[in-house]
Amino acid sequence: MRSINYWLGLWSGKLAIKAFALKGNPNDDRPGILARRFDERFIADTKKPEHVLIVSGTNGKSSITNIINSMYRKAGLTTACNEAGKNTFAGEAWTMLKSNNIFGKPCVDAIIMEADELFARITFPEIEPDCMIITNLGRDSMFKNGNPEIPYASLSEAIEKLPDTKLFLNADDPLSCFLGENNKRIYYGVVDLGKKDTENTNSDFSVCPRCAGIPVYEYRNYRHIGRFYCPECGLRSPEPDYLCTAYDSEKMSVKEKDEEYQYPIISDTIYNVYNQTAIIAYFRQMGYTPERICELLEGIRLPSIREEIVEVNDIKIIRRAMKGQNAYAASTVLEALRKTDGEKEVILMLDEIPDETGMETICWIWDTNFELLNDPKIKKIIIAGKRHLDHKVRLLYAGIDENRMVDVEDDQDIYPHLIKDVDKIFVLYDVMALTRSRIVTDRIVEILKAE
Amino acid sequence: MVIEILFSELGLYYGDYGNIAYLSKCLDNAEFIYTRNKDVPAFVDRKVDMVYLGSLSENKQLIAIDRLMRYTDILKKRIEEDVIFLFTGNAMEILGKYIETENKDKIECLGLYDFYSLRDMNRRRNYLFLGNYNGLDIVGNKSQYSLCYGNFDKPFIELKKGVGNNEEDKYEGIHDHNLFATYLLGPFLILNPLFTQSLIKMIDPENELAYREEIIKAYNKRVEQMNNPKLIYTLHEH
């Protein structure tokens with residue numbers, strides 16, 4: 001029997017959702033805060049629908065959550081989902097509010113929940129997922145996450161309390177693949193793509209987690225993601241149940257047992273290939289046929305907050321999120337950019353803090369592999385924002401010719417430095433600089449159209 | 001010139017890699033030795049000019065303590081011989097007597113200095129920092145689960161803004177002979193090029209800063225911003 005506090009939380013939270021929607025903020029998660037203020041265990045006290053999926057890990061969880069949510073809706077299921085990425089207590093409680101009616105009964109078929117790995121030990125057992133996808137672990141914001149062992153410990157503690165949850169783990173992520181030894185584990189991975197390896201200046205996986213020996217990679221697809229073994233104690237990567245064996249810009253092949261199926265691809269950047277392999281593994285385990293998954297994938301796009309591509313005069317302008325303060329995510333984006341064909345121009349807008357009450361720390365830029373921008377195919381780099389001088393030092397250390405870079409504090413000063421004889425212009429932005437990046441991208445489009 | 005980097009495979013989190021990266025550009029002719037955790041440190045049986053140990057995860061800090069414990073006496077001797085040591089982030093804790101965890105467990109450390117650390121893994125403290133060392137502005141930031149307490153009779157940096165060894169202490173870190181230990185983490189040597197200049201000239205007066213013009217410009221701007229009275233020094237806790 002649920003307490004009066006639960007009902008007060010439910011009803012006030014639902015009213016608040018309606019009020020915020022009327023104000024034009026339908027994704028505001030403050031109703032979740034309100035519900036938890038009445039009932040601290042509101043998430044646990046909420047009756048769950050038949051399917052509850054948690055998507056967690058350092059990077060990729062927003063993309064996977066949004067794509068699965070879109071696929072479920074396309075399949076005719078109703079869902080509650082924090083698709084706007086509000087993934088801590090408030091956002092999780094908000095999703096629970098959306099999942100139940102005013103009588104406290106589930107009003108959706110499934111909850112698709114992006115959930116922050118750092119708070120896993122507290123919230124995951126309350127969410128009671130039947131399935132959980134872990135994308136990967138890597139160094140994230142030091143202020144919030146410390147080092148990758150901190151979220152690992154939190155996830156590990158949460159999973160111990162969830163023995164019946166089916167885990168979907170990245171077989172190629174040495175930092176998360178050993179989670180949940182008592183759970184049913186489904187592994188996904190990507191074969192050795194034989195792509196030219198890029199130097200990893202500062203790896204998140206440099207010692208064996210069992211014996212502190214030095215691990216050896218059989219192959220590495222990006223960052224620390226790849227198959228390893230430890231010559232000292234024999235620990236090695238698990239075998240994937242769902243293995244992406246090949247992909248191009250149109251399709252990808254995924255092998256399971258002795259069968260191989262082709263699927264339309266959403267994005268051919270390597271980290272998105274891992275994300276999509278996880279999605280396919282999940283839907284296959286939920287009983288969907290490969291044919292049906294293909295139907296559901298048709299027309300699905302990445303969330304526009306992450307990536308937007310516009311083409312003008314045969315130049316592609318690619319606006320892509322590159323989380324500042326998160327060296328793993330940032331390096332992954334740079335690695336994908338490096339592996340992109342054509343001559344490029346890169347605009348970096350990576351500052352998080354816009355005003356004088358805050359000071360951007362630059363620790364993360366020394367963990368980020370900016371050496372990947374030292375490429376003759378990158379004709380120009382424009383650094384914009386308050387920390388432009390610090391970024392310039394970092395790029396000089398990366399060996400980038402000073403004549404190929406410009407640093408400006410004010411975004412307005414970007415445009416006179418644009419070069420237009422490239423195939424692609426990348427606008428890489430921190431998520432806090434989303435609006436800035438849109439303004440700059442729109443202005444670049446205008447300039448190119450006026451040519 | 002011989003620079004020894006201790007146990008880089010155990011961590012170098014939070015941008016500490018920048019210190020090595022920058023030193024390697026400033027000290028073109030230096031030999032850099034990367035000592036793995038299962039190897040005998042070079043400072044034990046050969047002459048080195050500088051030893052660096054950066055931030056570690058809490059689990060890997062235990063490995064580093066275990067590996068260094070057997071060399072405590074020789075470490076003390078090298079400090080007295082004026083070898084340069086730089087410890088950044090929670091590497092500093094290793095030099096103290098012990099670390100007490102939130103569960104009241106005590107982790108014995110090298111005991112070279114008379115202080116201890118209190119760690120609470122449920123509270124990550126984040127601060128900006130502005131201080132003074134030998135008339136130089138020292139800037140940086142801290143991100144840590146611990147604070148240090150005890151007898152800091154050989155302080156490194158005088159606090160101007162932010163938090164020192166603990167919330168009451170007016171000093172940050174240890175400076176003994178040529179040992180510099182500080183909880184300031186990340187690219188400390190890049191953030192503080194004037195300090196770095198004094199450090200590399202201790203190794204060889206001919207040494208010069210790399211990217212001198214750009215790095216001093218970035219430093220001056222940072223110092224100016226850090227002196228802004230509107231700047232908030234205590235950042236969000238998690």
Side-chain angles (χ1 to χ4, degrees), chain A residues 88 116 118-119 121 139 141-150 152-154 201-209 211-215 232 325 327 353 355-369 371 386-399 402 407 409, chain B residues 7-22 24-25 36-38 55-60 63 66-67 89 121 124-126 128 139-141 143-145 185-187 190-191 193 210-211 214-215 217-222 225-226 228-233 235-238:
Chain A
T88 56
D116 192 299
L118 189 63
F119 307 110
R121 64 160 61 88
R139 65 185 71 195
S141 161
M142 69 175 184
F143 294 137
K144 180 168 147 285
N145 290 47
N147 58 71
E149 289 175 12
I150 308 298
Y152 178 90
S154 186
T201 49
N202 202 4
S203 175
D204 279 331
F205 184 65
S206 47
V207 290
C208 171
C211 74
I214 306 301
E232 292 187 47
Q325 301 297 330
I353 298 174
D355 63 30
E356 59 189 344
T357 62
M359 166 75 82
E360 192 91 16
T361 55
I362 61 159
C363 297
W364 71 278
I365 73 173
W366 288 92
D367 281 346
T368 301
N369 200 355
E371 282 68 15
K386 284 191 181 302
R387 297 263 66 85
H388 62 108
L389 295 169
D390 298 305
H391 282 280
K392 184 177 182 185
V393 172
R394 178 67 185 89
L395 296 191
L396 285 172
Y397 173 76
E402 195 170 358
D407 62 298
E409 183 163 352
Chain B
F7 315 147
S8 61
E9 80 282 13
L10 294 184
L12 279 186
Y13 290 112
Y14 320 129
D16 285 17
Y17 166 76
N19 295 315
I20 304 168
Y22 189 54
S24 71
K25 291 291 178 190
R36 304 279 193 185
N37 76 84
K38 294 189 177 181
S55 300
L56 304 132
S57 71
E58 286 63 30
N59 289 335
K60 291 181 181 129
I63 299 173
D66 175 69
R67 306 298 192 252
M121 293 299 289
R124 188 147 183 93
R125 302 159 186 271
N126 299 303
L128 297 176
V139 296
N141 51 269
S143 188
Q144 57 202 70
Y145 292 108
L185 45 64
I190 293 164
L191 291 169
Y211 323 117
E214 291 82 6
I215 209 161
K217 206 169 155 186
Y219 168 74
N220 287 337
K221 177 145 191 197
R222 187 177 308 280
Q225 290 174 334
M226 303 242 355
N228 185 334
K230 291 182 182 166
L231 187 64
I232 298 166
Y233 273 73
L235 309 175
H236 289 298
E237 284 189 359
H238 290 277

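In this text the structure is predicted, and so the values were computed from the model without any measurement. Labels below follow one simple rule: chain letters A, B, ... track the order of the sequence lines, proteins then strands, and each chain is numbered from 1.
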So what's closer than 4.5 Å to chain A heavy atoms on B/Arg222: side chain, backbone, both or neither? both
B/Ser55 portion near chain A, given a 4.5 angstrom heavy-atom threshold: neither
Least distance between heavy atoms, A/Val207 atom then B/Glu9 atom: CG1-CG, 3.1 Å
Interchain contact, A/Glu232 with chain B, by part (heavy-atom threshold 4.5 Å): side chain
Of the backbone (N, CA, C, O) and the side chain (C-beta and beyond), which part of B/Glu58 lies under 4.5 Å from a heavy atom of chain A, both, or neither? both
Main chain of A/Leu118, side chain of A/Ser154: is a donor-acceptor contact present, judged purely on distance under 3.5 Å? yes
So, the part of A/Ile365 with a heavy atom under 4.5 Å from chain B: the answer is neither
Strictly distance-based, threshold 3.5 Å: is any side-chain N or O of B/Asn126 a donor or acceptor partner for the main-chain N or O of B/Ser143? no
Shortest non-hydrogen separation from A/Pro215 to A/Ser206 and the atoms involved: CD-O, 3.3 Å
Around B/Lys221, counting heavy atoms of other residues, nucleotides and ligands shown, do more than 12 lie under 6.0 Å from its NZ? yes
Is it the side chain or the backbone of B/Ile63 that comes within 4.5 Å of chain A heavy atoms, both, or neither? side chain
For B/Tyr22 together with A/Trp366, are the ring centres under 6.0 Å from each other? no
So, the part of B/Asn59 with a heavy atom under 4.5 Å from chain A: the answer is both
With A/Arg139 as the cation and B/Tyr17 as the aromatic partner, state whether NZ or CZ is under 6.0 Å from the six-membered ring centre and within 45° of the axis. no
Does the A/Thr357 side chain pair with the main chain of B/Lys230, one donor and one acceptor, at a distance under 3.5 Å? no
Donor-acceptor under 3.5 Å (A/Glu409 side chain, A/Leu389 main chain): no
Side chain / backbone / both / neither for B/Lys38 at chain A, heavy atoms under 4.5 Å: side chain
Given B/Gly186, B/Gly140, B/Ala218, the one with more heavy-atom pairs under 4.5 angstrom with chain A than any other is B/Ala218
With a 4.5 angstrom heavy-atom cut-off, could you sort out which part of B/Ile232 is near chain A: side chain, backbone, both or neither? both
Chain B contacts, top residue of A/Ala212, A/Pro148, A/Ala153 (heavy-atom pairs, under 4.5 Å): A/Ala212
Segment of B/Leu185 engaging chain A (4.5 angstrom heavy-atom cut-off): both
Please classify the contact between B/Tyr211 and chain A as side chain, backbone, both or neither, with a heavy-atom cut-off of under 4.5 Å. side chain
